[in-house]
Protein chains: 2
Amino acid sequence: MNTRRAQILDAAAMLISRQGFSATSVEDVIRESGLSGKSHFYHYFRSKEELGYEVLDRQFERFAERGLAILREPMIDPLERLHLFIDALVAAQAERGCQGGSPFGSLAAELADAHEGFRQRIALVFERWANQIQSLLWEARPYLVEDVDSGRLSRFIIATLEGALLMSRVKRDISVLEGIAIDLKRFVGMHVREQARQAQAA
Amino acid sequence: MNTRRAQILDAAAMLISRQGFSATSVEDVIRESGLSGKSHFYHYFRSKEELGYEVLDRQFERFAERGLAILREPMIDPLERLHLFIDALVAAQAERGCQGGSPFGSLAAELADAHEGFRQRIALVFERWANQIQSLLWEARPYLVEDVDSGRLSRFIIATLEGALLMSRVKRDISVLEGIAIDLKRFVGMHVREQARQAQAA
DNA sequence: TGACATTAGGACCGATCGGTCCTAATGTGT
DNA sequence: ACACATTAGGACCGATCGGTCCTAATGTCA
């Protein structure tokens, strides 16, 4: 059944985001998802690698639904949406008690150099994420100064968020992330036209 | 002898920065450093964990000597020094072919949640790094606007650099890091007083 | 040359890893 | 009741992991 696969995927996603991919054994996944044994697992997945790929896909889907969706909300001012998105990331990290961070960042650091398949998939995740922000910036273009490099800025935003997630995780201190989020919003605000800024203040 | 230990530490540092800590086996280190066998290694180190701690210490020392030293150069304008430091990080990553990234960021992502001892040590590394930047910003205070939160800004800088290092590693594209470095400098420049900016342009 | 600490060498251990093989239970449609 | 695919269960495999034990070399000072 498909529910069994989903169960395994959920359990694996949790374990991998908490312990990393290599540190999560197939037996951990079996225990967590209530399977009976090795071959029960290998009935649903051809290998641990395949499991990892699917977990990554699933994580991105969820992130797209629950996170990136904020960036696409049609009724809200684009820059306001970006702020909401950042706030949502901060809130999520606070909920996790600063553990686990971005599921992509951790995987990226662990596997980028060691496993080409994962590297490419994670690169794609970052690219799609950047594209979402870029199109938001494009939408906000009337409010922004003329020479904004939206591609570069979108990558900057993601890099800062990923770095901040990592740092708050290492320090186990959400205020680190909160402070960086404030500065990040200020940096984005730096690209807002003077007249638009006055309109927003009004 | 001390040279033997240093040899092992160097070999281990290279392997760990390329493969991660868990993925680097004691036998890898033995092979790379030309030891004869297990007990030869365990003659110099009590455990793999102890090796990891000493490698981290050594990496930070080197980073402090070769990297952070730039932040302390007495004859150069403080903000100029910060730019040089950022450029040096970018150049180092380009030299590595975008592989490996920051030795701390990778370790942080791998071990922050899994190993409390490493987590604390890496947190200390980030703290010392941030302190260096903070005291540079303090030195640059005359040129900066009044309400700069130098602690928060220094953490912002490090987070952005770490995130950018990770991203350029995943994409295997140095231009990602270069672009973010440009924006990061612009953000720092945002805190420069209007009159100081005019003086700098002259 | 002899005594003794340091360094080197290699066999070996228990645990765990990802993965396979074969069989038993449980549907499900006829 | 039948056949047949799906799902479940568990023993087992070779490889690798971190780490130990015991024994040779190799200094190094008297």
Side-chain angles (χ1 to χ4, degrees), chain A residues 1-58 106-107 110-111 113-119 121, chain B residues 1-58 106-107 110-111 113-119 121:
Chain A
M1 209 62 153
N2 212 337
T3 69
R4 260 296 195 220
R5 266 184 85 91
Q7 254 178 54
I8 299 174
L9 251 13
D10 282 339
M14 196 202 77
L15 290 168
I16 290 173
S17 79
R18 285 213 307 220
Q19 315 175 348
F21 180 71
S22 302
T24 299
S25 71
V26 173
E27 298 205 66
D28 287 340
V29 175
I30 288 168
R31 202 177 312 117
E32 192 65 25
S33 54
L35 294 177
S36 64
K38 283 286 180 69
S39 65
H40 195 179
F41 169 84
Y42 282 99
H43 173 69
Y44 293 98
F45 295 91
R46 225 176 295 146
S47 65
K48 190 191 176 189
E49 189 185 62
E50 184 184 292
L51 172 72
Y53 286 161
E54 294 203 24
V55 165
L56 182 56
D57 286 349
R58 195 178 171 82
S106 317
L107 276 188
E110 181 184 353
L111 299 171
D113 290 338
H115 196 300
E116 179 63 14
F118 274 106
R119 203 214 98 226
R121 278 171 168 80
Chain B
M1 208 62 152
N2 213 336
T3 69
R4 259 296 195 220
R5 265 184 86 90
Q7 254 179 52
I8 299 175
L9 250 14
D10 282 339
M14 196 203 75
L15 290 169
I16 290 173
S17 79
R18 285 211 308 219
Q19 315 175 347
F21 180 70
S22 304
T24 298
S25 71
V26 173
E27 298 205 63
D28 287 340
V29 175
I30 288 168
R31 201 178 314 118
E32 192 65 27
S33 55
L35 294 176
S36 65
K38 284 285 181 69
S39 65
H40 195 180
F41 169 85
Y42 281 99
H43 173 68
Y44 294 98
F45 295 91
R46 225 174 298 145
S47 65
K48 190 190 175 189
E49 188 185 63
E50 184 184 291
L51 172 72
Y53 286 161
E54 294 203 24
V55 165
L56 182 56
D57 286 348
R58 196 179 172 80
S106 316
L107 275 188
E110 182 184 353
L111 298 171
D113 290 337
H115 196 299
E116 180 64 14
F118 273 106
R119 203 213 99 225
R121 278 171 169 81

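Computed over heavy atoms, backbone and side chain alike; hydrogens, waters and symmetry mates excluded. Numbers restart at 1 for each chain; the letters A, B, ... are given by sequence-line order, proteins then strands.
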Out of [options], whichever nucleotide has its closest atom nearest the side chain of [X]:
X	options	result
B:K48	C:dG19, D:dG18, C:dT7	D:dG18
B:E27	D:dC17, D:dG9, C:dG9	D:dC17
A:H40	C:dG18, D:dT7, C:dA8	D:dT7
A:S39	C:dC17, C:dT20, D:dT7	C:dT20

Send over the distance from [X] [atom1] to [N] [atom2], rounded to a whole Å.
X	N	atom1	atom2	result
A:E49	C:dC17	CD	P	18 Å
B:L35	D:dG19	CG	P	15 Å
B:L51	D:dG19	CG	P	10 Å
B:F45	D:dT20	CZ	P	15 Å
A:R31	D:dG9	CZ	P	16 Å
A:I30	D:dA11	CD1	C1'	14 Å

Which base, if any, makes a Watson-Crick or G-U wobble pair with D:dC22, both distances under 3.5 Å?
->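 When the pairing criteria are applied, C:dG9 turns out to be the nucleotide that pairs with D:dC22.
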Pair assignment for D:dA15, Watson-Crick or G-U wobble, requiring both distances under 3.5 Å =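 Its partner is C:dT16 (Watson-Crick or G-U wobble, both distances under 3.5 Å).
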Using atom types as modelled and distance alone, determine if a side-chain donor or acceptor of [X] lies under 3.5 Å from a backbone N or O of [Y].
X	Y	result
B:D57	B:E54	no
A:E110	A:F21	yes
B:K48	B:T24	yes

For [N] and [X] - does any side-chain N or O of the residue sit under 4.0 Å from the phosphate oxygens OP1/OP2?
X	N	answer
B:S36	C:dA8	no
A:R4	D:dA8	yes
B:Y42	D:dC21	no
B:Y44	C:dA8	yes

What is the nucleic acid contact for B:S22, judged by heavy atoms within less than 4.0 Å: base, sugar-phosphate only, or nothing?
-> nothing
Evaluate the side-chain proximity of B:Y42 to B:I30: yes if any heavy-atom separation is below 4.5 Å, no if none is.
-> no
For the residue pair B:Y53 and B:H115, categorise the inter-ring angle as parallel (less than 30°), tilted (30 to 60°) or perpendicular (more than 60°).
-> perpendicular
Which residue lies toward the 5' end of DNA chain C, A:F21 or B:H43, if each is placed at its nearest nucleotide?
->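 With A:F21 and B:H43 compared, the 5'-side residue is B:H43.
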Donor-acceptor pair under 3.5 Å: do we get one between B:K38's side chain and the base of D:dG19?
-> yes
